[in-house]
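In what follows, a single structure is set out as structure tokens and then discussed.
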Protein chains: 2
Amino acid sequence: MKLSRQFPLNALRVFEAVARHLSFTKAGEELGLTQTAVSYQVKLLEETLKETLFLRQPRKILLTEAGARLAPKVTEGFDILASAVNEMQGVAEGTLIIHSTHTFASHWLARHLGIFQLDNPTIAVRLETSQAVIDFSKTEADLAIRVGTGEWPGLKSHFVMRNHFTPMLSPKLADTIGGVHDPLDLLKLKIIDPGDPWWRLWFTAAGHPDAPLESASRNRLGSQAVEAAAAIAGHGVAILRPDFYQDDVAMGRLIQPFDLTCEDGSHYWLVYPEARRQTAKLRAFRAFLQKTLPSFDKGPDSGIM
Amino acid sequence: MKLSRQFPLNALRVFEAVARHLSFTKAGEELGLTQTAVSYQVKLLEETLKETLFLRQPRKILLTEAGARLAPKVTEGFDILASAVNEMQGVAEGTLIIHSTHTFASHWLARHLGIFQLDNPTIAVRLETSQAVIDFSKTEADLAIRVGTGEWPGLKSHFVMRNHFTPMLSPKLADTIGGVHDPLDLLKLKIIDPGDPWWRLWFTAAGHPDAPLESASRNRLGSQAVEAAAAIAGHGVAILRPDFYQDDVAMGRLIQPFDLTCEDGSHYWLVYPEARRQTAKLRAFRAFLQKTLPSFDKGPDSGIM
DNA sequence: TTCATGCATCAGTCCTCTTGATCCATAGAG
DNA sequence: CTCTATGGATCAAGAGGACTGATGCATGAA
């Protein structure tokens, strides 16, 4: 209780309202307090300052000289505080901070965010990328795009898209072996990061669970972009998310030899703290995904994509 | 508790300190709170604003963008509030508001206040006169000079001077009857306000309780100055406080024919609310009276004057 | 006179605020 | 790499402050 005694801010706030209305009762109405409470607070302030602030005359009150001198500056002070809070909230509402993996950011968000910004010209977007799973309490972010199962305690998550993958390579490389027609053809080429579990999953799905793959332990975290670059350069076959490389396919830099795609159970999700669900910018972003992605919020098992 | 919920001012104050120190613990020390209390208040504010203000990282905290935007303006707001209170108190301490009867103000205070102001150049004096007994809760005043018995509930009173009186008249008028040598000589002249009870008291004290005086009921409240003016103009004999007319005596405009003075039990007192006893300006004023008036604070029965 | 208005006072209640203990994560020292 | 110090979060408990409703008082208006 010490704080309120050192400097009775609430009493000062009540005083400010009373000074404006020149009425305890009216000030109480403005503040949602009873006249009794107002009287109490004013008295408290007067005792703290050791100055009489109001002259209580029957049926009306007047400011003393001290009170009259105090009131305008107090009003100014509270105005600044109020506007500070308002502006802060306004600005905060007007900036959307997105954390995403580098891959998703560069291959999907970067390409579609323009639509969001056209639809929401008042919202500024800040896009941050990081491979690590961010902690909303330690990092400044309104939302994040994460890969996982969609289960994170305390966070609300919406399904964004499946995280499927399939081998991709440059058409020139395919030509060196007369084209890729069978999954096993791939083994004639250099496999980029053959230790990636996705390879085993894919070959298994293709009916070749025993395909001879080196089982190096290297994790592919964060390297999909590098692998893609290597594949485009013709250094080998990479296992990639085809969605993300449609441009490269269209430009003839990559081909997807098989329709077969695989999944490992983890997908892309939009996540944010449960409590912020209702902010305008979040609603706007959800609406944007809804409009742009047919699969949005439909769960990993319902959508086709 | 409603006020603090609508807009948690104390939490804002805590936030301000934390933002300056970038430390919950240090802010707590500044405010005289524990780290726990600071943590609680910050959390409260964040929940109210629905904005994270600090990023809690191990062994240090950072302001979020929202927090960084909020902090400087909040500091400014509190600075203004603090300076408002300080200035108000400074000004209030620097102004002494005296309420006095018109008579005492014009005949004693006006003549001696110069000394007080020389001794206390930092204190501005505002002198208000009124016949009515003022109510400190309804009128703005630091102290008052009152006539009475010295007993007022809730007020501290110091004896200032006896309220004695004696007949006074113009020397020219005295000459018209060959000088005033015996109290009964006065009856040869016009008595100004013969209904004034002071006349009866004085004649009784002079050994003539049966002096023939008209017993008009008119009260002399506030009219001493008028009576004096009439006496100076030679219109008759007035019963006055000799102290207040020493100048007129010195200038030959009035004479006090008899040394005998009377009292009616009421005297001049300095009064002020008990609670304000220790303010600097009140101490200064008491010291001034002490220095200037031998009778000050000695009680009506001890002093000679 | 009687009524209406507006503040002060009082006693009681609710719940905010604060504390102290404890836990946890990390940076830095050795 | 282990150990220690630092700094914040969490928890339960308790004190005391803020608020309410009823009542009283003084005054201006009808």
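Chain A is the first sequence line, chain B the second, and so forth, proteins listed ahead of strands; every chain is numbered from 1. It should be emphasised that the depicted structure is a prediction, and the values quoted were computed from it without experimental measurement.
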Given D:dG8, C:dA27, C:dG6, identify the nucleotide with an atom nearest to the side chain of B:Pro58.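 In terms of side-chain proximity for B:Pro58, the closest of D:dG8, C:dA27, C:dG6 is C:dA27.
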
Contacts of type side chain to side chain donor-acceptor pair (under 3.5 Å), residue B:Asn10, not counting sequence neighbours: none

Any carboxylate oxygen within less than 4.0 angstrom of a Lys/Arg side-chain nitrogen, looking at [X] and [Y]?
| X | Y | value |
| --- | --- | --- |
| A:Arg69 | B:Glu140 | no |
| A:Arg56 | A:Glu46 | yes |
| A:Glu30 | A:Lys26 | no |
| A:Glu87 | B:Lys73 | yes |

Output the residues of residues 34-44 of chain B in contact with DNA chain D, where contact means a heavy atom of the residue under 4.0 Å from an atom of the strand; sort by number or write none.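 The answer is B:Gln35, B:Thr36, B:Ser39, B:Lys43.
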
Between A:Ser23 and A:Asn10, which is nearer to the 5' end of DNA chain C once each is assigned its nearest nucleotide?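 By nearest-heavy-atom nucleotide position, the 5'-most residue is A:Ser23.
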
Taking [atom1] from [X] and [atom2] from [N], how many angstroms apart are they, rounded to a whole number?
| X | N | atom1 | atom2 | answer |
| --- | --- | --- | --- | --- |
| A:Arg56 | C:dG6 | CZ | C1' | 12 Å |
| A:Leu45 | C:dC7 | CG | P | 17 Å |
| A:Ile61 | D:dT27 | CD1 | C1' | 16 Å |
| A:Leu33 | C:dC7 | CG | C1' | 15 Å |
| A:Glu47 | C:dA8 | CD | P | 12 Å |
| B:Leu31 | C:dT18 | CG | P | 9 Å |
| A:Lys60 | D:dA26 | NZ | P | 19 Å |
| B:Lys26 | D:dG8 | NZ | C1' | 13 Å |

Short side-chain N/O contact to D:dT6 OP1/OP2 from B:Thr25, under 4.0 Å: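 Checking D:dT6 against B:Thr25, no side-chain N or O comes under 4.0 Å of OP1 or OP2.
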
Would you check, one step at a time, whether the test ring pair (Phe, Tyr, Trp, His ring centres under 6.0 Å) holds for A:Tyr272 with A:Phe285? CA-CA 11 Å; A:Tyr272 48 84; A:Phe285 195 77; 9.4 Å; no

Assuming nearest nucleotide by heavy-atom distance, tell me which of A:Val14 and B:Phe24 is located more 5' along DNA chain D.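 Nearer the 5' end of the strand: B:Phe24.
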
Decide if the gap between the ring center of A:Phe159 and the ring center of A:Phe296 is smaller than 6.0 angstrom.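 Ring-ring flag for A:Phe159/A:Phe296: false, centres at least 6.0 Å apart.
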
